[in-house]
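The structure displayed is predicted, hence computed values, not measured ones.
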Amino acid sequence: MAYDPYYQLVPEPKEPPFDPDRTAFIIIDLHNGCGHPDGLMGRLAQEQGKPWLLKERFDFTQEILPNVRRLQDACRKAGIELIHVRVKYLTKDHRDGQRSLAREVKARTTIPFDLEFMEMVAPQGDEIIIDKTSAGTFNSTALDQILRNMGRDRLLFAGMVTEGCVEMTARTAADRGYYTTLVSDGCCSSTHLAHYDALQRMTDGGLIKARTVDELVKTIEASRPAAKAAAVAA
């Protein structure tokens, strides 16, 4: 288990009271290309004669979808901004993407199915969709400016994979001064071991928090009366 004893010497960072009006829920890469057996990842496994290789990944994805949807619904009810992130290139041959992702170019084709968000957790109404060409969302998008325009400084993260795109985005968010929370049962990886290892590493020291959907839903529901009372008092 990863652990830095330095954190015994300093207090855990504190956060202000939860405010739905300053919060955004960011769902990373829960689109078919990444999480569906018939999407890009599944086709790669099939083409290389290894259809079993990503079974745990796809099963794990199905495990978290109801959790993500439950939190989405709670956020929608509370007025928390939902932001859906996916990998989408500007060019057909993906030459605008970073090199580490462009290795898959020959296996990729422009299939609309890959870009569709998984049905259970798909965007609704006017919810924001952000297309990225990098692993970390901040690196190739205007996410930081969008969040600051909307006055959102507390971010909840769910999606896939925990030790990849989720981690890179969450760490950058924390480094930029956002109050950052991982939805521990709303993230997944190709293996459960990789997922739990990433959760432990990212939350060591408390700069990034981890909360379950149950915990977050209770916090959201409890925050609404307080927010309304503050608005009336103002």
How many angstroms lie between atom [atom1] of [X] and atom [atom2] of [Y], to the nearest 0.5 angstrom?
X      : Y      : atom1 : atom2 : value
Leu54  : Phe60  : CG    : CZ    : 14.0 Å
Glu63  : Asp185 : CD    : CG    : 10.5 Å
Leu155 : Thr169 : CG    : OG1   : 10.5 Å
Asn32  : Thr61  : CG    : OG1   : 10.5 Å
Leu44  : Lys50  : CG    : NZ    : 11.0 Å
Cys187 : Ile28  : SG    : CD1   : 7.5 Å

### Message
Would the distance check show the side chain of Ser223 and the main-chain N or O of Phe18 forming a donor-acceptor pair, the cut-off being under 3.5 Å?
### Response
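A pair under 3.5 Å: no.
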### Query
Would you find a donor on one side and an acceptor on the other, under 3.5 Å apart, between the side chain of Arg43 and the backbone of Asp38?
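Looks like yes, one N/O pair under 3.5 Å.
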Looking at side-chain heavy atoms only, is the closest gap between [X] and [Y] below 4.5 Å?
X      : Y      : answer
Val183 : Thr212 : no
Cys165 : Met160 : no
Lys55  : Asp59  : yes
Ile130 : Ile83  : yes
Leu156 : Ile26  : no
Thr181 : Ile208 : no
Lys132 : Leu143 : no

### Query
Can you check side chain to side chain contact (heavy atoms under 4.5 Å, CB included) on Thr180 and Met202, steps first, answer last?
CA-CA 10 Å; Thr180 303; Met202 279 190 278; over 6 Å; no
### Task
Over 60° means perpendicular and under 30° means parallel, so classify the ring planes of His36 and Phe113, tilted if in between.
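Judged by the thresholds at 30° and 60°, the geometry between Phe113 and His36 is perpendicular.
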### Query
Are Lys88 and Asp114 ion-paired here, with the side-chain N under 4.0 Å from a carboxylate O?
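Salt bridge absent between Lys88 and Asp114.
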### Message
Test side chain to side chain contact (heavy atoms under 4.5 Å, CB included) on Cys188 and Val161; report intermediate values, then the result.
### Response
CA-CA 5 Å; Cys188 66; Val161 293; 6.0 Å; no
Smallest separation among heavy atoms of [X] and [Y], with atom names:
X      : Y      : value
Asp29  : Cys34  : O-CB, 3.5 Å
Arg152 : Tyr178 : O-CE2, 3.3 Å
Ala158 : Val166 : O-CG2, 4.3 Å
Leu30  : Ile27  : CD1-CG2, 3.5 Å
Ala198 : Thr162 : CB-CG2, 3.9 Å
Met118 : Gly35  : CE-O, 3.4 Å

### Task
Please determine, by modelled atom types, if Ser189 and Glu163 share a side-chain donor-acceptor pair under 3.5 angstrom.
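There is such a pair between these side chains.
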### Message
Can you see whether Glu56 engages His192 through a side-chain donor-acceptor pair at a distance of less than 3.5 angstrom?
### Response
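The criterion, which ignores hydrogens and geometry beyond distance, is satisfied for His192 and Glu56.
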### Query
Residues in salt bridge (Lys or Arg N to Asp or Glu O under 4.0 Å) with Arg22, at least two apart?
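Here the qualifying residues are Asp153.
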Show which side-chain atoms of residues 121-129 pair as donor or acceptor with protein atoms under 3.5 Å away, not counting sequence neighbours.
unit_1	atom_1	unit_2	atom_2	d
Glu127	OE1	Arg76	NH2	3.1
Glu127	OE1	His84	NE2	2.8
Glu127	OE1	Gln124	N	3.0
Glu127	OE2	Arg76	NE	2.6
Glu127	OE2	Arg76	NH2	3.4

Indicate if [X] and [Y] have the same hydrophobic cluster label, given that clusters are the connected sets of ILVMFWY residues with side-chain heavy-atom separations under 4.5 angstrom.
X      : Y      : value
Leu147 : Tyr179 : no
Ile64  : Leu199 : no
Tyr196 : Phe157 : yes
Ile146 : Phe138 : yes
Leu182 : Phe25  : no

### Partners meeting side-chain hydrogen bond (donor to acceptor under 3.5 Å, both in side chains) with Thr203 (sequence neighbours left out)
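Listed in chain order: nothing, the list is empty.
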### Message
Going by salt bridge (charged side-chain N to carboxylate O under 4.0 Å, His left out), name the pairs with one or both residues in residues 135-150, residues two or more places apart or in two chains.
### Response
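Qualifying pairs: Asp144-Arg148, Asp144-Arg176.
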### Task
May I have all residue pairs that pass salt bridge (charged side-chain N to carboxylate O under 4.0 Å, His left out) and include part of residues 164-173, sequence neighbours excluded?
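Passing the test, one end in residues 164-173: Glu167-Arg171, Glu167-Arg201.
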### Query
Step by step, would you call Leu82 with Gln72 a side chain to side chain contact (heavy atoms under 4.5 Å, CB included)?
CA-CA 7 Å; Leu82 270 68; Gln72 285 179 331; 3.7 Å; yes
### Task
Begin with the C-alpha distance, continue with both residues' side-chain angles, and end with the deciding distance and a verdict on salt bridge (Lys or Arg N to Asp or Glu O under 4.0 Å) for Asp214 and Arg70.
CA-CA 9 Å; Asp214 280 345; Arg70 182 174 169 227; 2.4 Å; yes
### Query
Could you walk me through whether His195 and Thr191 pass the side chain to side chain contact (heavy atoms under 4.5 Å, CB included) check?
CA-CA 7 Å; His195 165 75; Thr191 69; over 6 Å; no
Can you give me every donor-acceptor pair (side chain of residues 5-16, partner residue at least two apart or in another chain, under 3.5 Å) with its distance?
unit_1	atom_1	unit_2	atom_2	d
Gln8	NE2	Tyr3	OH	2.5
Glu12	OE2	Lys209	NZ	2.6
Glu15	OE1	Arg154	NH1	2.9

